[in-house]
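Report on the structure given below.
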Amino acid sequence: GAAGMGTLAILLGSASFSGGGTERRDEDAPRVSMMTWNVLARPFTKYNREFHRASGKLEEPSQTRERYTMAGQEIVQRGYDLVFLQECEAAFLQPEWNLAAAKLLLEYHVFRCPQDREDPGTAVLVKKQGRAVAAAVAPICLGGTDETGGWSKVATVVPVQAASAKFAAVSTHFTWDGAAEQRLHHASLIKDVVGDGSVVVAGDFNCEPGPSLDKLEASSFLG
């Protein structure tokens, strides 16, 4: 998918959220800000050659550094309590590829789920001095198999608490419309973990508004 803001779906019980164009208010609950971003991992720029116009299939290293640094700076500047990332490879958090990486790691706890250590995956960033606190030291990682559409289609699940409100923060990268059954299976894996509790699901749904998204919502807990 293209880099940039992704789809944000919010399903919750008793917290107040802002960011990503979606908001729910509860005057007695803490206000938690959030954003979601598909940062477009360097290995996947082979699908965007017509746009990066580099000499090879992948964009030039300088282009990747510029994009990753811009994204890192934007995240730090906005300072949201929760950040949901997709196509987040290990390099995105390394100073040699992202000049804002050190600042990013200083400001946020990072919970990242790749299929393999260096691979692109999804991540939930929890601001260290923010209004939401991670209630676990490691994320729950779901997917990354043929059954969910491939190794890059992973969901990161982190239990979070904001004052008295508890919920699961989920960053997911679903597969495309042509593999709708795998996408639905991925959603069911998330449901199995979060149960009936409050949950925020954010990410790249690979699903345009319309019949495909309507079907996904109607057939899963996202509806």
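Predicted, not measured: the structure shown is a model, and the values here were computed from it.
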*asked:* Distance check, rounded to the nearest 0.5 Å: L93 atom CG versus Y108 atom OH?
replied: 12.5 Å

*Are any side-chain N or O atoms of H186 and backbone N or O atoms of L142, one a donor and one an acceptor, separated by less than 3.5 Å?*
yes

*Could you tell me whether the side chain of T148 and the main chain of K153 form a donor-acceptor pair under 3.5 Å?*
yes

*Ion pair check, K127 and E107, cut-off under 4.0 Å*: yes

*Under 3.5 Å: donor-acceptor pair, side chain of T45, backbone of E59*: yes

_Ionic contact status for D177 with R183, cut-off 4.0 Å_ = yes

*Nearest 0.5 Å, what's the OG1-CH2 distance between T69 and W97?*
10.5 Å

_NZ/NE/NH1/NH2 to OD/OE distance under 4.0 Å, D119 and R112_ = no

*Is the closest basic N to carboxylate O distance between R131 and D81 below 4.0 Å?*
yes

*Around atom NZ of K128, are there more than 12 heavy atoms of other residues, nucleotides or ligands at under 6.0 Å?*
yes

*Determine yes or no for a side-chain-to-main-chain donor-acceptor pair under 3.5 angstrom, with T122 supplying the side chain and S171 the backbone.*
yes

*asked:* Main chain of L40, side chain of R67: is a donor-acceptor contact present, judged purely on distance under 3.5 Å?
replied: yes

*Look at the side chain of H173 and the backbone N and O of A155, then say whether any donor-acceptor pair between them is shorter than 3.5 Å.*
no

_Tell me whether the count of non-hydrogen atoms from other residues, nucleotides or ligands lying under 6.0 Å of NZ in K215 goes above 12._
no

*asked:* For S55 and E60, which I'm curious about, is there any donor-acceptor pair between the side chains at under 3.5 Å?
replied: yes

_Check: L216 main-chain N/O paired with S219 side-chain donor or acceptor under 3.5 Å_ = no

*Kindly compute the distance separating CD (E181) from NE2 (H185), expressed to the nearest 0.5 Å.*
11.0 Å

*asked:* How close do A136 and P159 get, counting heavy atoms only, and between which atoms?
replied: CB-CG, 3.6 Å

*Between atom OG1 of T175 and atom CD of E147, what is the distance when rounded to the nearest 0.5 Å?*
12.0 Å

*Does the ring centre of W37 sit less than 6.0 Å away from the ring centre of Y68?*
no

*asked:* Please give me the minimum heavy-atom distance between L85 and V83, naming the atom from each residue.
replied: CD2-CG1, 3.7 Å

*Quick one: do Y47 and W176 satisfy ring-ring contact (aromatic ring centres under 6.0 Å, His included)? Show the steps, please.*
CA-CA 15 Å; Y47 301 117; W176 66 303; over 10 Å; no

_Contact summary for V154 and G143, nearest pair of heavy atoms_ = CG2-C, 4.4 Å

*Can you measure from CG (L99) to CE (M70) and round to the nearest 0.5 angstrom?*
13.0 Å

*Contact summary for M35 and I75, nearest pair of heavy atoms*: SD-CG1, 4.3 Å

*Less than 4.0 Å between a side-chain N and a carboxylate O, is that true for R65 and E96?*
no

_Under 3.5 Å side-chain donor-acceptor pair for T36 and Q86_ = yes

*Can you measure from CD (Q73) to CG (N98) and round to the nearest 0.5 angstrom?*
8.0 Å

*Which heavy atom of F111 sits nearest a heavy atom of A134, and at what distance?*
CZ-CB, 3.5 Å

*Quick one: closest heavy-atom pair of T156 and A123, and the distance?*
OG1-N, 3.8 Å

*side-chain contact (heavy atoms from CB on, under 4.5 Å) with L125: which of L105, L82, L104?*
L104

